[in-house]
Each structure stands twice: as C-alpha cells, then as structure tokens.
Amino acid sequence: MFSRKIGSSKNRLKLLYYIIAAFMLILVLRTPIDSVLGFANRMVLPVKAKIYQGSSQIKGTFQNMRHFSDILEENKKLKFELSKSIQLTSRLKDIEAENNRLRSLLDIKKTRAPEFIAANISFRDGFSVYSEMYIDKGYDQGIKKDMVVLNEDKLLGRVKEVYQDNSLVELISKTDIYTSVLDQDNKSLSILKGTNSKLLEMEYITVDSDVHSGEKVYTSGLSDIYPKGIYVGNIKEIVGNDKQLFKKVLLELPYNIFDVNEVIILK
C-alpha cells in the first residue's frame, strides 16, 4: 500500500515535468514563429493591398454607376421639361402671329368695311404657288372678275375666274404677268414682270433713274384693275452700267407666299 502511494507521487511529478517542459518549449519557439508570421505578412501585404484597392475601386465603380444612373434619369427629366417649354414657346409664337394676322384683317375691314370682302385660301397647287390660288368666296358672296386681292395691305393679284362659292386668283408673281408700278418718290415709272418666284423684275428703268435698294414700290394707277398706291414690295437689287440703256432691277415680295392663309378682296 505504501509502495502504491510512492508510485502515484512519482507519476504526478513526471506529469508536472512534462507540462513545464512543454511550456518552456513553447516559450522558446514563440519568437521564431512570430518572426515567420511577421515575415509572411510582410510578403503578402502588397497582395492584400492590391486586393483591397481593387475591391475599393469596384465599390467606387458601383457607386459611380448608381450616381451616373441618377444623373441620366435627371437629364431625361430636364430634356423632357425643356422639350415641353420649347413646344409651348413655339405654340405661343404661332398664336401670336395668328392674332397679328387677324388684327390686321380686322383693322382693314374696320377702316374700309363696305369696300372689302375677307376670304380664306381654299386650295393652291404646289407646282404653281407663285401663279395662282383658290379662295373660298364666289359670286354668291359678291366676288367679281378683276377684283383686287390683297394680303393685308400688300398686293397679291386679281380675281381671274369666279364660281358660285370659290374663285381663282391670278398672282402678280406669275410668269409674264405685267403690273405698272412707281417707286416711293413717284419718280420712276416701270413695268413689273412676274417670274414665278418671290423676286420680280422691274423693266424699263433707265440707268440715270434715281432708284435705290430697299426702296418701296407701289402700284402706279395706270391700270384698269389696280388703283394707285397699293404696296407691292421693296427693291432688292440693282444691276446696270453706263453702257446699258436700262437697269436690271429686282423687287422682292414683302410676304412669304406659303404663309398667306387669308386675303382681302377689294370691291
């Protein structure tokens, strides 16, 4: 029994020695292991840094993409609002122009109401816009042949043919249609020749005539159709030299024929 106790004490002592030895071994080996781990960390640090930078860049890219998407959405909204604003502005301009035309027609009708008939353009051929047009008034509304047709206060032409509820208007810009005209100072009498365009030729103006570019031209009154003083247009260009007897003078119509929608017929 005593021998058993001694053996048991020896075993515990051995176990204690083993534990102390293991502890000492760990203490001895700890420094090299830490050194190895530190060295390994330093070796892989650039790789870790690259990975971290890459992940940061990817994260930043996704954030930028979300931000860019927001910018695109805002840009679409701004474009839509701008488009609405442009359309509204354009519409307002059209309405204002329409109102101005109607005011001009009303002003003329108020001034000389018994002598005018208002009409709308009912048809014009795309191949002869400078030659003729149809209006929506005829002999039922008091229209007669050779009545003078105006765009507000500007000469368009004359009524050539009359039907029951529409009429054909022959324009002064039609090819080889001649109209007697005077410059604004009533000094230079000439014949205006239609050329099927917005530029008409003024013939028989001598080289010594005192006409100049920009000058207004009116009907002369030397006609069985057009009374004196109706505004025709402005002189656009003058070509000539001392060796020629007559100047070549071009007159420009004071309106865009494609924009003419209403007319006044002088009774």
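We use all heavy atoms of the structure for the numbers below, so side chains are in, but hydrogens, waters and symmetry mates are not.
Here the straight-line distance linking atom CD1 of Ile235 with atom CD1 of Ile205 works out to 6.0 Å at 0.5 Å rounding. The OG1 atom of Thr195 sits 10.0 Å away from the CG atom of Leu251 when rounded to the nearest 0.5 Å. Interatomic distance, CD of Glu170 versus NZ of Lys145, reported as 9.5 Å (0.5 Å rounding). Atom-to-atom distance recorded for Asp165:CG and Asp140:CG is 7.0 Å, nearest 0.5 angstrom. A distance of 10.5 Å separates CG of Asn166 from CD1 of Ile143, quoted to the nearest 0.5 Å. Atom OH in Tyr134 sits 9.5 Å away from atom CG in Asp125 (nearest 0.5 Å).
Glu203 approaches Ser190 most closely through the heavy-atom pair O-CB, 3.1 Å. The two residues Asp136 and Ser122 come nearest to each other via the heavy atoms N-OG, 4.0 Å. Summarising the geometry of Pro254 relative to Lys154, their closest heavy-atom pair is CG-CD, 3.3 Å, with the distance given to 0.1 Å.
The aromatic rings of Tyr130 and Phe258 sit perpendicular, their planes meeting at an angle over 60°, well past the 30° parallel limit. By the 30° and 60° cut-offs, the orientation of the rings of Tyr204 relative to Phe246 is perpendicular.
With Ser173 contributing its side chain and Lys198 its backbone, the two residues share no donor-acceptor pair below 3.5 Å. Under a 3.5 Å cut-off, the side chain of Ser220 and the backbone N or O of Leu222 do form a donor-acceptor pair. Of the possible donor and acceptor atoms, one in the side chain of Thr219 sits under 3.5 Å from a partner among the backbone N and O of Gly229. Lys247 places a side-chain N or O within 3.5 Å of a backbone atom of Ser209 that can act as its donor or acceptor partner. Checked by atom type and distance alone, the side chain of Glu237 never pairs as donor or acceptor with a backbone atom of Leu250 at under 3.5 Å.
Under the 4.5 Å side-chain heavy-atom criterion for grouping Ile, Leu, Val, Met, Phe, Trp and Tyr, Ile117 is connected to Leu266 within one hydrophobic cluster. In the hydrophobic clustering of this structure, Leu171 groups with Leu150; members are Ile, Leu, Val, Met, Phe, Trp, Tyr whose side-chain heavy atoms approach within less than 4.5 Å, directly or through other members. The cluster map of Ile, Leu, Val, Met, Phe, Trp and Tyr, joined by side-chain heavy atoms under 4.5 Å apart, puts Phe127 and Met133 in different clusters. Residue Ile177 is not grouped with residue Val263 when hydrophobic side chains (ILVMFWY) are merged at heavy-atom distances under 4.5 angstrom, including chains of intermediate members. Leu189 and Leu155 are not part of a single hydrophobic cluster, where members link through side-chain heavy atoms under 4.5 Å apart.
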Item to complete: Decide side chain to side chain contact (heavy atoms under 4.5 Å, CB included) for Ile191 and Val181; before the verdict, give the C-alpha distance in whole Å, the side-chain angles of both, and the deciding distance to 0.1 Å.
Response: CA-CA 6 Å; Ile191 300 299; Val181 294; over 6 Å; no
Worksheet item: When you look at Asp176 and Lys193, which way does the salt bridge (charged side-chain N to carboxylate O under 4.0 Å, His left out) test go after all the steps?
Response: CA-CA 6 Å; Asp176 293 335; Lys193 177 184 176 182; 3.7 Å; yes
Item to complete: Given side chain to side chain contact (heavy atoms under 4.5 Å, CB included), test Ile265 with Ile135 step by step and report yes or no.
Response: CA-CA 10 Å; Ile265 299 97; Ile135 58 175; 3.9 Å; yes
Item to complete: List the steps and the verdict of side chain to side chain contact (heavy atoms under 4.5 Å, CB included) for Glu262 and Asn120.
Response: CA-CA 4 Å; Glu262 304 95 8; Asn120 296 314; 3.4 Å; yes
Item to complete: Evaluate the side chain to side chain contact (heavy atoms under 4.5 Å, CB included) criterion for residues Ile264 and Asp153: first the C-alpha distance (whole Å), next the side-chain angles of each, then the deciding distance (0.1 Å), finally the verdict.
Response: CA-CA 8 Å; Ile264 292 293; Asp153 62 339; over 6 Å; no
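Put simply, the side chain of Val249 does not reach to within 4.5 Å of the side chain of Glu201, judged on heavy atoms. The shortest side-chain heavy-atom distance between Asn234 and Glu252 does not fall under the 4.5 Å cut-off. At least one side-chain heavy atom of Tyr139 sits less than 4.5 Å from a side-chain heavy atom of Gln164. Using a 4.5 Å heavy-atom threshold, the side chains of Pro227 and Val148 count as touching. Side-chain contact between Ile172 and Tyr226 is present, with heavy atoms from C-beta onward closer than 4.5 Å. Side-chain atoms of Glu215 and Asp185, non-hydrogen and from C-beta on, do get closer than 4.5 Å to each other. Here the side chains of Leu192 and Val217 are not in contact, with every heavy-atom distance at 4.5 Å or above. In this structure, Lys174 and Lys160 have side chains that are in contact, with non-hydrogen atoms separated by less than 4.5 Å.
Using a 4.0 Å cut-off between a side-chain N of Lys or Arg and a carboxylate O of Asp or Glu, Glu115 and Lys267 do not qualify as a salt bridge.
Using modelled atom types, one finds no donor on one side chain facing an acceptor on the other under 3.5 Å when comparing Asp210 with Ser188.
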